[in-house]
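Working notes, structure below.
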Amino acid sequence: MPASDLSTRTRYEPAEVEPEIVERWLSSGAYETPPADPSRPDQETFSIAIPPPNVTGVLHMGHALNGSIQDSLIRLNRMRGKRTKWILGTDHAGIATQTQVEKKLAREGRSREELGREGFTVETQAWRKEYGGKIIEQFKRIGASCDYSGERFTMDDGYVRAVQKVFIDLFEQGLIYRDHYMVNWDPGSGSAISDLEVEEQEGVEDVLYSIAYPFADGDGEIVVATVRPETMFGDVAVAVNPEDERYASAIGREVELPLSGGRTIPVIADDHVKVDFGSGALKITPGHDPNDFEIGRRHSLPAPSAIGEDGRMTELAGEFAGLPTEDAKTAVVEALRASGALRAEDPYVHTVPFSQRSGKRIEPLISLQWFMKMDELAKPAIEAVTDGRVTIHPPVQSRRYVDWLSEIRPWCVSRQLWWGHQLPVYYRGDSQDPTETYVGIEPPEGEGWTRDEDVMDTWFSSGLWPFATLGWPDETDDLKDFYPTSVLSTARDILHLWVARMVMLGLRFGGDVPFEDVYIHSVIQAPDGRRMSKSLGTGIDPLDVINGGPRPPVFKQGGDFPAYGADAVRFGLLAISTTQDVRFSEDKVQQGQQLANKLFNATRFVLLQLEERGLGDIAAEPRPRTDADRWILSRLERVARQTAESLDGFEFAKASLGLYDFVYGELCDWFVELAKPRLRDGDEETQRDLAATLLFAIDKTLRIAHPVIPFVTEELWSHLPGDERGLLVSASWPERDDDAVDEAAEAGIAELIETVTAVRGWRERVGVKPSAILPARLRASLGEEREASLRSLARIDLVTGSGDAVATVTSGGVVVDFFADDNIDLEAAEKKKAAERDRIEGEIKRISGKLSNANFVERAPEAVVQVERDKLAVLEEQLAAL
RNA sequence: GGGCCUAUAGCUCAGUUGGUUAGAGUGCUCGCUUGACAUGCGAGAGGUCACAAGUUCGAGUCUUGUUAGGCCCA
């Protein structure tokens with residue numbers, strides 16, 4: 001595209017170009033993993049398996065952040081010439097999807113039960129085809145350069161095969177078994193759910209009931225406190241702390257369970273019981289409380305169920321059997337009160353688990369489920385992190401990982417749902433009889449085998465993600481080339497439930513760790529620090545920020561976002577992604593937008609200037625003639641290194657803000673400004689060399705900035721001269737160029753910048769109009785180039801006269817005298833001079849004080865002392881100059 | 001109850017191993033159509049680095065305690 005297309009576009013409008021650029025990238029095939037090149041056997045690979053979003057999902061801020069993070073890494077490494085693969089796909093998300101489809105059926109007056117399992121699955125597949133995959137389109141919009149041609153789904157045919165094989169293998173290895181165990185029962189979905197899907201709600205108001213359990217021998221009683229009196233039928237003991245003197249004599253005696261026909265239970269001692277809570281005696285109900293379950297196991301007590309999976313009381317509850325738990329609670333309290341056993345009712349506020357899916361209160365209960373034994377899998381997974389085969393960033397997170405794996409409990413992998421991977425398990429006759437249980441893909445020979453209705457926990461299938469997506473269990477080339485993957489980037493909350501399981505299963509089945517680096521990214525909160533949530537009005541849709549949708553209520557100013565564009569959102573998210581929890585910052589997005597606009601205009605300026613001078617198709621190459629040229633080439637080299645280093649080190653804020661600082665604070669504010677006079681007034685050869693260098697600087701900047709802000713850089717790339725450029729997405733990362741680093745030029749220009757800034761500040765203070773050109777004199781020559789730069793940037797006219805100066809400006813070792821001029825407010829100049837003198841004298845006092853401190857001079861390193869001495873010398877010179 | 005993190009400008013955040021006068025963006029004030037950009041340019045004000053003690057020649061940085069906020073586990 002010729003540069004003249006840019007002539008009338010004074011603003012960069014992301015909304016106008018970004019969608020078209022997405023199409024360009026997609027149709028170019030640049031995103032797709034290239035086939036292995038036989039001529040480059042040593043070609044490095046770089047791969048990331050995306051955390052598969054729920055197939056029902058829509059893009060939220062977390063996706064946008066993680067997409068930006070992963071994409072910057074993928075783009076950087078693709079440009080480096082590595083063979084990259086960004087594995088893309090979606091998760092079938094058992095409960096979430098089933099719930100959505102059931103809601104839809106309910107709206108249509110239909111139900112899951114009416115359709116039957118097969119019909120429901122067909123319905124869900126159809127639903128997925130229609131609504132699923134929306135998030136994939138959204139990923140394209142933010143510029144995520146995933147390999148869309150290889151999209152996977154955790155329930156596609158190949159994946160199903162992998163999941164079934166892992167389940168069957170683990171069963172055969174004795175690591176998967178069926179057992180009675182405590183699960184998080186969600187009465188809403190009628191299924192056991194994982195810890196992840198449980199939400200602890202603080203501040204729930206309950207009533208704490210104190211109930212008297214009389215001793216069986218009729219001598220006295222023990223009072224226990226509970227918020228769940230209806231579970232008392234499942235009590236198997238009363239526990240007290242062994243240190244608690246009040247109950248020393250009670251240990252070993254029997255108490256009678258009220259309302260239970262005289263059933264007695266023992267009083268036991270356990271450290272877990274808190275002496276100062278309630279009466280200090282705890283009723284033990286292993287069937288309905290996770291802590292009690294543990295205590296029960298320690299004391300080899302049974303774990304009877306007083307509540308069934310239907311949420312109703314069991315036979316154990318005697319006269320209350322069949323009642324829903326809420327009704328049973330009321331009835332039991334009433335009966336206890338009538339019998340005189342109820343001693344107190346106190347309000348009690350505590351934390352209670354709820355189902356995230358159904359919103360119902362979790363009913364912990366014992367159920368016959370399929371479990372995975374974790375100890376044997378956890379050990380190598382801990383070692384992989386402690387010996388560094390997997391590195392977790394930031395390091396503090398690796399402790400959480402190790403701690404969790406060290407205390408890991410069996411994992412309940414079965415779920416009572418229809419949408420998911422159905423267990424490859426068949427029963428005949430009594431399903432509780434292990435000899436009539438068969439685990440395999442097909443039922444065994446013979447009559448009467450029926451398949452287990454349950455499906456696997458969604459995290460079971462996600463645990464295989466890094467290798468199942470690469471073709472496992474087949475020994476594919478992809479698996480050979482891209483496993484282990486390079487990086488996994490994900491949110492903190494699934495470190496245990498997903499990351500740890502991938503490591504365990506990857507080691508067991510993939511034959512190696514699933515990834516080398518794990519990056520745990522920030523959690524993005526609403527601007528006011530609350531959790532982002534649609535229902536709270538704190539949720540911000542990234543696409544609204546990109547395309548200009550309405551601001552959610554959490555923004556006080558209301559109105560619509562301007563269409564910031566995807567680059568701005570990517571930049572803004574990366575720029576805040578530093579500490580653990582960060583607040584969404586529209587300011588930072590705006591900063592990204594400004595960066596894009598700045599880059600656009602700087603490039604536009606250069607291209608239009610060159611075209612005007614007939615230099616439009618000159619080749620971009622470094623042709624330094626001045627310190628300014630050497631300086632920008634040196635700075636470019638350093639920024640290229642620093643950007644790559646920051647991205648490699650997962651310091652995304654440093655990378656993005658570093659780019660901003662360079663483009664604004666060096667390339668545009670200084671280099672382009674320094675180039676203007678030479679471009680205007682230089683001879684033809686000067687102009688040609690400068691044109692080549694300017695183009696080179698733009699070219700290199702676009703490459704360096706591409707991983708963070710791919711759209712505007714790609715757009716500008718298309719306007720640069722040269723037909724063979726291709727797309728920036730496929731261009732190469734700048735090769736390391738040690739010769740470009742030039743310390744002398746950097747120091748020289750730094751001094752120039754300091755002088756210009758000092759003169760500008762002085763002018764402002766003494767009321768000089770910005771347009772006025774002031775006569776001035778340098779005490780010492782700075783050389784032709786820098787004096788010319790100083791003239792144009794500080795708007796002064798350097799003269800050689802020896803008249804009296806009315807004012808003097810010093811910065812570093814440079815001293816500028818100014819002569820009388822109508823533009824100078826002499827009174828202000830005097831004031832400014834006095835203030836400056838005060839400042840310098842203060843500094844001198846401080847430093848000489850430091851230097852006359854014998855302790856400092858003797859004990860501080862010589863270099864530090866020398867720095868202070870040099871400083872003092874410069875200050876004294878400056879004072880003398882005034 | 002156990003463990004961890006955070007506290008720096010009005011706001012959002014940087015600040016490597018202790019070593020210039022603690023920085024940026026944004027907001028605020030003042031000035032400017034300066035040969036790309038008003039989504040611009042230039043300048044300026046604004047901080048007892050939560051509080052207290054300690055280590056050190058020297059502490060935003062290290063140690064201990066206090067306070068406040070957050071997270072994880074039980």
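Naming: A, B, ... by sequence-line order, numbering from 1 per chain. Side-chain atoms are counted along with the backbone in the values below, which use heavy atoms only and exclude waters and symmetry mates.
- Between A:His521 and A:Tyr519, the ring planes are tilted. Angles from 30° to 60° get that label.
- Nucleotides B:rC11 and B:rC4 are separated by 27 Å at their C1' atoms, to the nearest Å.
- The P atoms of B:rG58 and B:rC73 are separated by 44 Å, rounded to the nearest whole Å.
- For the pair A:Asp669 CG and B:rA36 P, the computed distance is 14 Å after rounding to whole Å.
- Looking at heavy-atom distances under 4.0 Å, A:Pro562 makes no contact with the nucleic acid at all.
- Which of B:rU20, B:rU12, B:rU39 sits closest to the side chain of A:Ser585 comes down to B:rU12.
- Taking the six-membered ring where tryptophan is involved, the planes of A:Phe818 and A:Trp762 are essentially parallel, since the angle between them stays under 30° and well short of 60°.
- Backbone-only contact: A:Thr757 has heavy atoms under 4.0 Å from sugar-phosphate atoms and none from a base.
- Residues A:Asp560 and A:Arg551 are not in side-chain contact: their nearest non-hydrogen atoms beyond the backbone lie 4.5 Å or more apart.
- No contact: A:Tyr401 has no heavy atom under 4.0 Å from any strand.
- The base of B:rA36 lies close enough to the side chain of A:Glu673 for a donor and an acceptor atom to sit less than 3.5 Å apart.
- A:Arg11 comes within 4.0 angstrom of a nucleotide base, judged by non-hydrogen atoms across all strands.
- Among the heavy atoms of the strands lying under 4.0 Å from A:Thr10 are primed sugar atoms or P, OP1, OP2 only; no base atom is included.
- For B:rC5 and B:rG44, the C1' atoms lie 37 Å apart once the distance is rounded to whole Å.
- At least one side-chain heavy atom of A:Leu607 sits less than 4.5 Å from a side-chain heavy atom of A:Leu695.
- The NZ-P distance, from A:Lys769 to B:rG31, rounds to 15 Å in whole Å.
- Remark: B:rG1 base-pairs with B:rC73; criterion is Watson-Crick or G-U wobble with both hydrogen-bond distances under 3.5 Å.
- What separates CZ of A:Arg763 from P of B:rC32 is a distance of 13 Å, to the nearest Å.
- Look at A:Tyr664 and you'll find a side-chain N or O under 4.0 angstrom from OP1 or OP2 of B:rG40.
- Of the P atoms belonging to B:rG25 and B:rC41, the separation is 10 Å, rounded to the nearest Å.
- Annotation: side chain of A:Thr810 is not in contact with side chain of A:Val814 (no heavy-atom distance under 4.5 Å).
- Here A:Arg795 lies out of heavy-atom contact (under 4.0 Å) with every strand.
- Residue A:Glu586 is classed as having no contact, given no heavy-atom separation below 4.0 Å to the nucleic acid.
- Note: CD (A:Glu858) to P (B:rG19) measures 22 Å, nearest angstrom.
- To the nearest angstrom, P of B:rA74 lies 12 Å from CG of A:Asp403.
- Under a 3.5 Å cut-off, the side chain of A:Arg635 and the backbone N or O of A:Glu666 do not form any donor-acceptor pair.
- Searching all strands for a Watson-Crick or G-U wobble partner of B:rG27 with both distances below 3.5 Å returns nothing.
- Nucleic acid contact class of A:Glu13 (heavy atoms, under 4.0 Å, all strands): base.
- One interatomic measurement links the two molecules: CD1 of A:Ile709 to C1' of B:rU39, which rounds to 14 Å at whole-angstrom precision.
- Separation of the P atoms belonging to B:rG70 and B:rG27 is 29 Å when rounded to the nearest angstrom.
- Residue A:Gln590 places none of its side-chain N or O atoms closer than 4.0 Å to OP1 or OP2 of B:rU26.
- The distance between atom OH of A:Tyr660 and atom P of B:rA14, rounded to the nearest whole Å, is 18 Å.
- In this structure, A:Phe650 has its ring center closer than 6.0 angstrom to the ring center of A:His393.
- Between A:Asp587 and A:Gln609, the residue whose closest nucleotide on RNA chain B is further toward the 5' end is A:Asp587.
- Listed pair A:Gln594 / B:rU26 meets the phosphate criterion, a side-chain N or O lying under 4.0 Å from OP1 or OP2.
- Here B:rG35 is the nucleotide among B:rU12, B:rG42, B:rG35 with the atom lying nearest to any side-chain atom of A:Phe605.
- Nucleic acid contact class of A:Lys654 (heavy atoms, under 4.0 Å, all strands): none.
- Annotation: B:rA45 and B:rG3 have their C1' atoms spaced 44 Å apart (nearest Å).
- Across B:rG44, B:rC71, B:rC72, the shortest atom-to-atom separation from the side chain of A:Arg400 is found for B:rC72.
- Contact annotation: A:Lys871 side-chain N/O to B:rG19 OP1/OP2 distance is not under 4.0 Å.
- For the C1' atom pair drawn from B:rU8 and B:rA24, the interatomic distance equals 13 Å after rounding to whole Å.
- Within the 4.5 Å cutoff, no side-chain heavy atoms of A:Arg638 are placed close to those of A:Phe662.
- The nucleotide whose nearest atom lies closest to any side-chain atom of A:Pro770 is, among B:rC41, B:rC37, B:rC32, B:rC32.
- Between A:Arg765 and A:Glu836, no side-chain nitrogen of the basic residue sits less than 4.0 Å from a carboxylate oxygen of the acidic one, so the salt-bridge criterion is not met.
- Among the heavy atoms of the strands, none lies under 4.0 Å from A:Val867.
- Across all strands, A:Asn597 comes closer than 4.0 Å to base atoms (heavy-atom distances).
- Map A:Cys668 and A:Arg399 each onto its nearest nucleotide of RNA chain B; the residue landing nearer the 5' end is A:Arg399.
- Across B:rA45, B:rA36, B:rU12, the shortest atom-to-atom separation from the side chain of A:Lys588 is found for B:rU12.
- Side-chain atoms of A:Glu764 and base atoms of B:rG42 include a donor and an acceptor less than 3.5 Å apart.
- Under the Watson-Crick or G-U wobble criterion, with both distances below 3.5 Å, B:rA7 is paired with B:rU67.
- On the P atoms, B:rU6 is 23 Å away from B:rA74, given to the nearest whole Å.
- Distance from the side chain of A:Lys598 is smallest for B:rC41 among the nucleotides B:rC41, B:rA43, B:rG19.
- Straight-line distance from the CG atom of A:Leu574 to the P atom of B:rC13: 16 Å, rounded to whole Å.
- With B:rA45, B:rG25, B:rG35 as the choices, the nucleotide that has an atom nearest any side-chain atom of A:Gln591 turns out to be B:rG25.
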